[in-house]
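Values in this document were obtained by computation on a predicted structure and should not be read as measured data.
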Amino acid sequence: MGQVVLVTGVSRYIGGVLARRLAADPSVEKVIGVDVIPPPRDLGGAEFIRADIRNPMIGKVIAQGDVDTVVHANVIATPTFAGGRTPQKEINVIGTMQLLAACQKAGTVKRLVVKSTAAVYGSTPRDPAMFTEEMSAKRLPSSGFGKDSIEVEGYVRGFARRRPDTEILTLRFANIIGPRIRTSITDYFNLPVIPVPFGYDARLQFFHEDDAIAALARGVTGSTTGVVNLAGEGVLTVLQAASIVRRPVVMVPMAAAGTIGGLGKRFGLVDFSPDQMSFLAFGRGMDTTVMHDSFGFTPKFSTRAAFEDYARTVSPVYPSMDGVAGAVGGLVGAAQQVLGRGRGKH
Amino acid sequence: MATKKSAAKQGLPQKSSATSGAAKQSAARKTAATKSTGRVSAVAAGAARASGERARRRSTPLLSAAATSAETALTESAATASAPAKVTSKRPATKRPATKRPATKSSTTKSAGSVTPAATTATTAPTTSGIAEPAPAARRAHRPRPHAAAKASSKATKQAGIRPQSPRAKRAADEAARRHLRVATPPEPSLRAPDPTATQTDMSLPVPGVEELLTASIAAMRMAAQGAGISPDEIERRIAATLAFLRRRIEGDFSVDEFGYDEHFAENVIFPMLRPIYKNWFRVEVRGLENIPDEGGALIVSNHSGTVAIDSLMVAQAVHDEHPKHRVMRALGADLVFQTPVLGAFARRGGSTLATGDDVDRLFAKGELVGVFPEGFKGVGKPFKERYKLQRFGRGGFVSAALKAGVPIIPTSVVGAEEIAPIIGNMKTVARLFGLPYAPITPTFPLLGPLGLIPLPSKWIIEFGAPVETASHGVAAADDPMLVFDLTDQVRETIQQTLYSLLMQRRSVFF
């Protein structure tokens, strides 16, 4: 008998594609997708049930479907996609509480996979270069997604204490990036002029969207438990990434970062909390030894490759060096032709 | 400039010649006419216009013959005017249908005339003056032709507003097209190669113009180099290297390790930038380089002094420049360093990372050479009277890290750094205000403003001492606090003794 998997947050990119992929997996008998809005993408063989995880209804869905594996992919990173900070927090925190309560009640649930984030490590100048799974944030994220994620992980630990028989896997993803997904970091690098905290050049890690889905699918079908950091090989700095997308940068003093963030939010350009600004200043790195060894997953894309794959979809603001060299050559050539003609006439 | 002027000169007579129709004589006669009878003929033109004579003339149907005659007239003048004129010569032929509306044409002529009096008086004047003036018989015989030409030319006048631009626009378009072709020519792949010798050919990109320009500038630079007493080949190589460097920076074509060490930046900016300070300002003398292993992890433990922590940079420079393997010392810094804008980013690019056990373990696991300054701010910010007296060596965390990794500890003594900016006072309130560990008063600092930040040129000696082996103690020894304290004291004493002996040996502070 195959697994019956419940995936939350199927109306968003990762959840939707994951549900479709799991439905196509022969070892998975049935996939139930749950979200509050109908999915914009085809879920393939997955069954969609419109249910709100903030509502005890979710318990009925789990009980009736004989669900044995729950994938919680509904922790929303960007407030704009949830309709504001308040609903975002409600979906993230209350939703997780309700879902875990339902899982605890339903005797059928054997495995829980939680899509978490590297944001739980925070971002400060006192951070070690690379966070391993056992480390915790030097300064807890004070707002937004990072804070939600810490609370979510807290509830997951509580659930693990109350249901020790359940296998629990928490996947901490580095910033997921790729040509199709839209997150606050993709919005950020899509700005016509990228504001960078003055005097800082943070290290960033990225994880490709395809790898993210593959890793979640592996988490569902595999038997690894515990916490796993997921990030592509290597790091990029913010300025390096900006030059890869060929966007001009503007140096913003950290003190003004709040104002800039507010403006960006007002104009709907990008949604950046203070935590994300400090992320852009100090960066973060995650050690991926556990991912390679015990989780047995090797991402197809390195940090750089993932970012370059994303950069393909971004139209550059300034031309490449080849383009500039060609244009300069052309201009000089044209000027010379004009001059030459003048000379020839006399 | 010359071209433009000539074009302008040709443009004006050409236009007027078209109007008068007497293409041949035009140039000389017209200029004369405009000069001598300019005013009079303008009045005459006004009168003629009033009498409707011109209107009548214009109402005679303009046929292809007229157009062609206009064309020939234009091409005749075009013979001298080359490209732009050729463009204009095409105009009448293409715009022929428009000539069948005389009324509108004349009106536009008038309006054009009113708008740009100077130009139109010049153009219309010869026509009328040709009639009013007693002209030579030979010219009179040609009357019919001027009439027809006048028609065509009136069209030309009508277009006067556009025309002066159109050839230029056309030329611009041509140029743009040509430029596009040029852009399309595949840019040399050799540009990627950071090979400095290749760069000259690199930049001789798609167009010979660039090549010429570049050879000229290179020649200029070679001459400048010769003047400055540097080998021209050397300067060429350097410029090529700089261009290659900039290109890679702009394209993001470099890699950064997990600690943020940017080898490309360090090798091309940080080390070359510090080298003159190292060689010429502090004239650093290095001893005991053989104590640094060629490969594998090792821990350099050094005293820390000098108000601004240049000594860490100089030790790194010494290891990089003087060691046969040109190893990079990965210095450990306080969190304040990484909190500070610019400084933090530079420190990471130069290979520094936070002084925390986790990072040190990672560095040793990668077999890196780590540099630590256990005195920290206590050492850098100590008053001048306490110079060369080692402060407390932190909590000995560096020793337990070395024990854990089993790497040798290299006690290192730096002499000379104490004198670069002697601290004679501490502005505690200022320090507290800015959250700094200390705000020094030196003989020069607040007094001379920014100039006071220039360190005094003391003579430096860096001695790398005999390594203290830790591998024999075993990994478990890292958890033995007594052993850790003992080793810490041993290293501290070694450095202190070396400092004293180096001080005895040095001749003076500055020489």
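In this structure, the portion of A:Phe282 lying under 4.5 Å from any heavy atom of chain B is its side chain and not its backbone. With a threshold of 4.5 angstrom between heavy atoms, B:Phe346 does not approach chain A through any atom at all. Of the atoms belonging to B:Asp262, not a single heavy atom falls under 4.5 Å from chain A. In this structure, chain A has a heavy atom under 4.5 Å from the backbone of B:Arg249, while its side chain stays farther away.
Taking A:Phe297 as the reference, nothing meets the ring pair (Phe, Tyr, Trp, His ring centres under 6.0 Å) condition, with sequence neighbours excluded. In terms of the side chain to side chain donor-acceptor pair (under 3.5 Å) criterion, A:Arg203 has no residue partners (sequence neighbours excluded).
Taking the six-membered ring where the residue is Trp, the centroids of B:His264 and B:Phe245 are separated by under 6.0 Å. Taking the ring centroids of A:Phe301 and A:Phe206, they lie at or beyond the 6.0 Å cut-off. Taking the six-membered ring for Trp, B:Phe254 and B:Phe265 have ring centres at least 6.0 Å apart.
Between chain A and the options B:Thr353, B:Val337, B:Leu336, B:Val342, the largest number of non-hydrogen pairs under 4.5 Å is found for B:Val342. Of the listed residues A:Leu239, A:Ile244, A:Leu236, A:Asp201, the one with more heavy-atom pairs under 4.5 angstrom with chain B than any other is A:Asp201. With respect to chain B, the highest number of heavy-atom pairs below 4.5 Å among A:Arg126, A:Gln205, A:Met135, A:Met130 belongs to A:Met130.
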